[in-house]
Colleague: 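First the structure, which I've put down as structure tokens, then a few questions once you've had a look.
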Amino acid sequence: MTAVTQTPAAPGPLALGLRQGRLEVKQFARSREAVVFTMAFPAIMIVIFASIFSGEIGGGVNFTQYFITGMIATGLLSVGFQSLAIQIPAERDRGVLKRLRGTPMPKWVYFAGKIIMVLIVGVVETAILLAVSALFFDLDLPSTAARWLTFLWVALLGISACTLLGIAFSSVARTARSAPAVVTPVALILQFISGVFFVFTSLPSWMQHVAAIFPLKWMCQGLRSVFLPDSFASQEPGGTWELGKVALILGAWCVIGLILCITTFRWTTKRDG
Amino acid sequence: MSVMTQEEPAIAVSGLRKAYGDNVAVAGVDLEVRRGEVFALLGPNGAGKTTTVEILEGYRHRDGGTVSVLGADPEHADRAWRARVGIVLQGTGEFDDLTVGEVVHHFAQFYPSPDDPAAVIARVGLANKARARTHTLSGGQKRRLDVALGIVGRPELLFLDEPTTGFDPEARREFWDLIRDLSAAGTTIVLTTHYLEEAEALAHRLAVIADGSLVAVSTPQALGDRQNAAATVSWRTAEGTVERKETSTPTALVAEIAAGYGGEVPGLTVTRPTLEDVYLTMIGHR
């Protein structure tokens with residue numbers, strides 16, 4: 001086969017997915033408010049928390065070391081769950097999804113684009129958070145390769161669950177305008193009951209049980225095993241870090257999210273019939 | 001390229017029905033669109049145009065009837081079918097922070113043998129806006145972008161749902177030229193519109209739809225038997241009043257009147273019902 005026309009060969013499926021991701025990142029980078037708030041919000045929160053709780057939580061560990069886990073988790077929640085559950089209804093209302101659906105684009109390419117965007121934004125945002133905390137608030141970064149590995153899989157599994165649930169949840173809001181009102185309370189309540197703003201074990205036990213159903217609590221717990229000394233494990237509800245359970249429950253939420261995405265995702269608005 | 005024979009219609013619809021709750025949007029439509037023709041679906045708002053077209057595009061489920069578009073049922077259309085069909089939806093798509101060039105390039109890569117994106121952008125008259133963010137475009141320019149996205153995959157069959165809404169007269173003429181070019185190149189085109197002059201200018205055949213049913217399928221010239229309809233001859237009499245007569249033989253009548261005047265007849269007009277007259281009668285507004 002020789003190229004006789006100007007038309008380039010149609011890109012393969014993998015290239016399509018990557019290009020969709022590049023387009024999503026480009027779009028994200030161009031909306032300045034989204035960039036500033038998504039990237040800086042967790043860092044600003046840690047500045048506030050570290051300034052209010054400047055003492056020690058006990059055992060020579062400062063509060064920053066504890067709250068960083070909640071801030072990392074909540075950052076991933078906001079990038080994966082909140083932003084997608086708000087952004088996708090907007091794209092649906094603007095007719096972008098309907099137009100994509102009318103092309104030969106494989107459906108998964110759209111989701112791949114979102115996932116790539118979320119991963120890149122999540123990495124950058126977490127890196128900023130860690131850098132600010134380490135430079136200004138004496139955060140001790142994980143000291144062993146094993147801890148970095150735990151960090152990696154907990155963050156990856158957590159952001160995957162959040163992303164899939166964010167795409168699934170995008171079908172709940174009927175319009176772009178109602179999306180923030182539907183999504184924000186869910187995220188906020190989860191943050192309060194999952195130990196992002198408080199020491200988890202200081203919460204009422206019924207609240208702890210409710211939180212244990214959802215992924216955010218397990219993301220925080222997994223991250224605590226990365227940033228706190230092993231001696232703190234005994235203070236967890238289960239008396240250990242329960243990393244097996246962390247993996248299992250986050251994995252289960254990934255599966256649930258994926259099934260919901262496949263079965264309930266809407267490319268058109270309600271009034272489109 | 002196509003597996004279909006020339007004789008097979010591009011679109012064949014029979015007994016198409018669709019209701020939203022108690023509201024019947026399409027009440028038993030039969031339709032055939034031949035390969036290579038420009039077919040206009042004409043009707044007032046709410047007549048069922050968009051519902052019909054979106055069923056043909058594979059966006060909506062139907063309640064009854066059979067539908068074949070390029071030999072396939074659009075409800076179960078695959079990617080290969082999508083690659084042969086271009087769609088310009090009603091309303092405009094909003095791509096916000098992306099540029100015109102980026103959006104057209106991006107859509108082009110979904111198709112197996114797309115047109116050159118830059119050429120398509122020029123074709124719809126957006127060459128000087130290629131680097132503009134789409135949210136800065138005017139309504140008419142956004143509509144042109146939609147048209148670009150509909151044709152960038154070089155479709156065999158192109159659906160246009162009220163494509164020229166928001167166009168100024170000049171833009172509409174340019175768009176008509178584009179449609180004629182596409183048609184000359186062999187593209188089958190299905191167009192919905194409520195602009196009569198658009199249907200008259202572009203369509204080989206048109207269907208008038210009202211309350212979910214087809215009330216006529218015809219060429220624009222022959223719609224409602226317009227060519228053979230009675231003509232109205234009017235002229236001014238010596239007393240200064242206007243005389244008006246309906247006749248099926250206007251030429252003979254004019255000759256008779258002219259003989260009476262022995263020359264020019266003052267204020268002479270001979271009219272047949274316009275497309276608009278016929279159309280308004282059909283959709284029950286007259």
Colleague: Verify the neighbour count for atom CG of B:D96: are there more than 12 heavy atoms of other residues, nucleotides or ligands below 6.0 Å?
Modeller: yes

Colleague: Minimum heavy-atom separation for B:R82 to A:T103, with atom names?
Modeller: CD-O, 3.4 Å

Colleague: Determine the minimum heavy-atom distance between B:L98 and A:R30, stating which atoms define it.
Modeller: CA-NH1, 3.7 Å

Colleague: Relative to chain A, which segment of B:T134 carries a heavy atom at a distance below 4.5 Å: side chain, backbone, both, or neither?
Modeller: neither

Colleague: Rounded to the nearest 0.5 Å, what separation is found between the CD atom of B:E57 and the NZ atom of A:K98?
Modeller: 7.5 Å

Colleague: What do the steps show when you test A:F28 against B:D97 for side-chain contact (heavy atoms from CB on, under 4.5 Å), and what is the final call?
Modeller: CA-CA 9 Å; A:F28 173 82; B:D97 286 316; over 6 Å; no

Colleague: For B:H106 and A:R19, which heavy atoms make the closest approach, and how far apart are they?
Modeller: CE1-O, 3.9 Å

Colleague: So for B:I87, is it side chain, backbone, both, or neither that comes closer than 4.5 Å to the heavy atoms of chain A?
Modeller: side chain

Colleague: Does atom CZ of A:R101 have more than 12 heavy-atom neighbours from other groups under 6.0 Å away?
Modeller: yes

Colleague: Non-hydrogen atoms of chain A under 4.5 Å away: do they reach the side chain of B:D78, the backbone, both or neither?
Modeller: neither

Colleague: Using non-hydrogen atoms only, which part of A:Q20 is less than 4.5 Å away from chain B: side chain, backbone, both, or neither?
Modeller: both

Colleague: Of all heavy-atom pairs between B:R79 and A:M105, which one has the smallest distance, and what is that distance?
Modeller: NE-C, 4.4 Å

Colleague: What part of B:F95 lies closer than 4.5 angstrom to a heavy atom of chain A: side chain, backbone, both or neither?
Modeller: both

Colleague: Any chance CZ of A:R266 has more than 12 other-residue heavy atoms, nucleotides or ligands included, within less than 6.0 Å?
Modeller: yes

Colleague: Quick check on the interface: out of B:E102, B:R133, B:E94, who has the most heavy-atom pairs with chain A under 4.5 Å?
Modeller: B:E94

Colleague: Please classify the contact of B:T92 with chain A as side chain, backbone, both or neither, using a heavy-atom distance under 4.5 Å.
Modeller: backbone

Colleague: Using a 6.0 Å cut-off, check whether atom OH of B:Y195 has over 12 heavy atoms from anything other than its own residue.
Modeller: yes

Colleague: Could you tell me whether A:R99 and B:D146 have a side-chain N and a carboxylate O separated by less than 4.0 Å?
Modeller: yes

